[in-house]
Every structure is written in structure tokens, then in C-alpha cells.
Amino acid sequence: RTQPEQKLRTSHFCDPLTHLSCSPKFLYVARNAKDCMVSYYHFYRMSQVLPEPGTWDEYFETFINGKVSWGSWFDHVKGWWEIRDKYQILFLFYEDMKRDPKHEIQKVMQFMGKNLDEDVVDKIVQETSFEKMKENPMTNRSTVPKSILDQSISPFMRKGTVGDWKKHFTVAQNERFDEIYKQKMGRTSLNFCMEL
Ligand SMILES: *[C@@H]1O[C@H](CO)[C@@H](O)[C@H](O)[C@H]1NC(C)=O
């Protein structure tokens, strides 16, 4: 006789690599590389636990070379994009969330198998706006000590806009970045919105 317990365990064994139905769900939000670089630069400046970012020009090189915490933007985004259909991954874009938050929240809702009333969705839209989250102590990191995040240097939630990179990139940096972007991202079907 097989042990019931053992049988249960066997029948529940599930390899997430081959069984979509039991794999965890991943929600991935990608943001265009240029705004990411700007955001990350200001985060590096205010973080007291990351290395000094140096000047913007210096950080520009660091970012391009992927020598930042959590690795190269190019590898990260491309990597998740390439496997998005292989696992349960909802791949969202920051720019879409800014343009039409309700639509993107509904995508998350469907992905999570939920069906929420319209007024609940509207409430989520309001409460997750940048302006609201900036004033929400549960999300604005105001409880994190200054020795870790110094918000007097730059707030954790800074601007939350699309296209702020234009105020940071020089014309030469922009041309160089576009060239490097093409080399690194080359053949992906990924298409980012750079301004709204
Ligand atoms: C975080 O939210 C609290 C409560 O609204 C507010 O007093 C504080 O100024 C906010 N902090 C930052 C850094 O925006």
C-alpha cells in the first residue's frame, strides 16, 4: 500500500518550469531606460548605503556599463521580456501606468483572477497615484531612518513623470545612449514610450 501522505506529496509535486498552472505569478514593471537612469541616479544620491554615484556624467557611464546594484537595466528588462510567455508574467510598462492607470490596474486584476467592483477599482486608481503615494507614510519611506535614506538630498518619491531624462541628458549623451541601446537591445520587440 502506498502511504496516503506520500501519495499526496507526489501528486502535489509540481515543477514550475514545466507546469504553468502551478508556477508563481510575476508582475514585472519596466520603465524606459533613460528615465530609469535619472531616477536611479537620484536614488543613489539619497541612499546612504549604496556607493557614491559621483557626478551625473560619471553615473551615466556606470549605468551604461551595468555596474549598478541589481545589475544592468538592459539584461534585466530584456531577460524578463524574453521569458514573459514561458511563465505567468504580467509585463507592464511604467509609461502605460501613467497614461492610463485604470486600464493597467484592470490588467492586474484579471491577472490575479479578481473581479472588483468599479468603485473599488476607482479607489485603487486614486490611492496608487504618485501624488497620493508621495504623501502616504506606508509608501514614501518616511519611516526609514536618515542614515539609510536621506530624503533631504532627494525625496524617495521624486517626480514620477515620463520624460524627465530630457532635463539630464546632454545631446551628446543622448546620441551615444541611443547607439548603445541599439547594440544592447538590438533584436527585441520591446518598444518603450520616451515621453507622454
Ligand atoms: C510622507 O508622508 C507623510 C504623511 O503624509 C508626510 O508628513 C511626509 O512629509 C512624507 N514624506 C516625504 C518625504 O514626502
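Here the structure is a predicted model, which means the values were calculated and not measured. All residue numbers refer to positions in the sequence shown, counting from 1.
- Annotation: side chain of Leu190 is in contact with side chain of Phe91 (closest heavy-atom distance under 4.5 Å).
- Taking Lys132 as the reference, Glu127 meet the salt bridge (charged side-chain N to carboxylate O under 4.0 Å, His left out) condition, with sequence neighbours excluded.
- The backbone N or O of Thr139 lies less than 3.5 Å from a partner atom in the side chain of Arg141, making a donor-acceptor pair.
- A donor and an acceptor atom, one from each side chain of Asp57 and Thr55, are nowhere located under 3.5 Å apart.
- The CG atom of Asn136 sits 13.0 Å away from the CD atom of Glu131 when rounded to the nearest 0.5 Å.
- Two different hydrophobic clusters hold Met109 and Leu27 under the rule that ILVMFWY side chains link at heavy-atom gaps under 4.5 Å.
- Taken together through direct or relayed side-chain contacts under 4.5 Å among Ile, Leu, Val, Met, Phe, Trp and Tyr, Phe93 and Phe111 form parts of separate hydrophobic clusters.
- For the pair Pro53 and Phe43, the minimum side-chain heavy-atom distance is 4.5 Å or more.
- Legend: residues meeting salt bridge (charged side-chain N to carboxylate O under 4.0 Å, His left out) with Lys134, ordered by chain and number and at least two apart, are absent.
- In this structure, the separation between CE on Met185 and CD1 on Ile180 is 13.5 Å, given to the nearest 0.5 Å.
- A distance of 6.0 Å or more separates the ring centres of Phe177 and Trp73.
- Atom CG in Asp75 sits 9.5 Å away from atom CD in Glu82 (nearest 0.5 Å).
- Following chains of ILVMFWY side-chain contacts shorter than 4.5 Å, one cannot reach Ile124 starting from Met97, and the two form parts of different hydrophobic clusters.
- For Lys67, the salt bridge (charged side-chain N to carboxylate O under 4.0 Å, His left out) criterion is met by no residue, not counting sequence neighbours.
- Formation of a donor-acceptor pair under 3.5 Å by the Ser129 side chain with backbone atoms of Gln126 is found in this model.
- The minimum heavy-atom distance linking Gly160 with Tyr94 is given by the pair CA-OH, 3.2 Å.
- Surrounding CD of Glu52 are at most 12 heavy atoms belonging to other residues, nucleotides or ligands under 6.0 Å away.
- Taking 4.5 Å as the limit, some side-chain heavy atom of Ser47 sits within range of a side-chain heavy atom of Leu149.
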(Q) Using side-chain contact (heavy atoms from CB on, under 4.5 Å), reason through Phe130 and Lys98 one step at a time and then give a plain yes or no. (A) CA-CA 9 Å; Phe130 184 86; Lys98 292 298 292 189; 4.0 Å; yes
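- The aromatic rings of Phe169 and Phe60 stand perpendicular to each other, their planes meeting at an angle above 60°, with 30° marking the opposite boundary.
- Counting heavy atoms from C-beta on, the side chains of Tyr181 and Phe74 come closer than 4.5 Å.
- Here the straight-line distance linking atom CE of Met157 with atom CE of Met133 works out to 5.0 Å at 0.5 Å rounding.
- Listed here is the closest heavy atom pair of Tyr44 and Pro51: CD2-O, 3.2 Å.
- A distance-only check finds a donor-acceptor pair linking the side chain of Gln151 to the backbone of Asn140 [under 3.5 Å].
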Q.
Walk me through whether Trp165 and Met194 qualify under side-chain contact (heavy atoms from CB on, under 4.5 Å).
A. CA-CA 9 Å; Trp165 61 270; Met194 304 306 291; 4.1 Å; yes
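- Note on Leu196: it does not cluster hydrophobically with Val38, by side-chain heavy-atom contacts below 4.5 Å among ILVMFWY residues.
- Ion pair Glu104/Lys107 flagged as a salt bridge, since at least one NZ, NE, NH1 or NH2 atom sits closer than 4.0 Å to an Asp/Glu carboxylate oxygen.
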Q.
Before you tell me yes or no, could you show the steps for Val108 and Leu92 under side-chain contact (heavy atoms from CB on, under 4.5 Å), namely the whole-Å CA-CA distance, both residues' side-chain angles and the distance that decides it to 0.1 Å?
A. CA-CA 9 Å; Val108 174; Leu92 298 180; 3.8 Å; yes
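- For the residue pair Ser154 and Arg45, the shortest heavy atom distance occurs at CB-NH2, 3.7 Å.
- In this structure a side-chain-to-backbone donor-acceptor pair under 3.5 Å is present from Lys78 to Lys184.
- Closest of all the heavy-atom pairs between Ala30 and Val77 is CB-CG1, 4.3 Å.
- Looking at Gln106 and Val121, their side chains come closer than 4.5 Å, going by heavy atoms from C-beta outward.
- Here side-chain hydrogen bond (donor to acceptor under 3.5 Å, both in side chains) pairs that include residues 108-119, with residues two or more places apart or in two chains, are Lys102-Glu118.
- Remark: Ser189 engages Trp81 in a side-chain hydrogen bond (donor to acceptor under 3.5 Å, both in side chains) (not counting sequence neighbours).
- Checking side-chain atoms of Trp80 against main-chain N and O of Ile89 turns up no donor-acceptor pair under 3.5 Å.
- Side chain of Gln48 to main chain of Ser147: no donor-acceptor pair is present (N/O by atom type, distance under 3.5 Å, no hydrogens or angles).
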Q.
Under the criterion side-chain contact (heavy atoms from CB on, under 4.5 Å), I'd like the reasoning laid out for Trp56 against Met37: C-alpha separation, chi angles, the key distance, then a yes or no.
A. CA-CA 10 Å; Trp56 164 253; Met37 192 196 291; 3.5 Å; yes
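- With rounding to the nearest 0.5 angstrom, the CD atom of Gln88 is 12.0 Å from the CG atom of Asp85.
- Nearest heavy atoms, Gly54 versus Glu58: CA-OE1, 3.2 Å.
- Judged as a side-chain hydrogen bond (donor to acceptor under 3.5 Å, both in side chains), the pairs with a partner in residues 25-34 (not counting sequence neighbours) are, in order, Tyr28-His76, Asn32-Asp35, Asn32-Glu95, Lys34-Asn174, Lys34-Asp178.
- Val49 and Tyr59 fall within the same hydrophobic cluster, where Ile, Leu, Val, Met, Phe, Trp and Tyr residues are linked whenever their side-chain heavy atoms come under 4.5 Å apart, directly or through other members.
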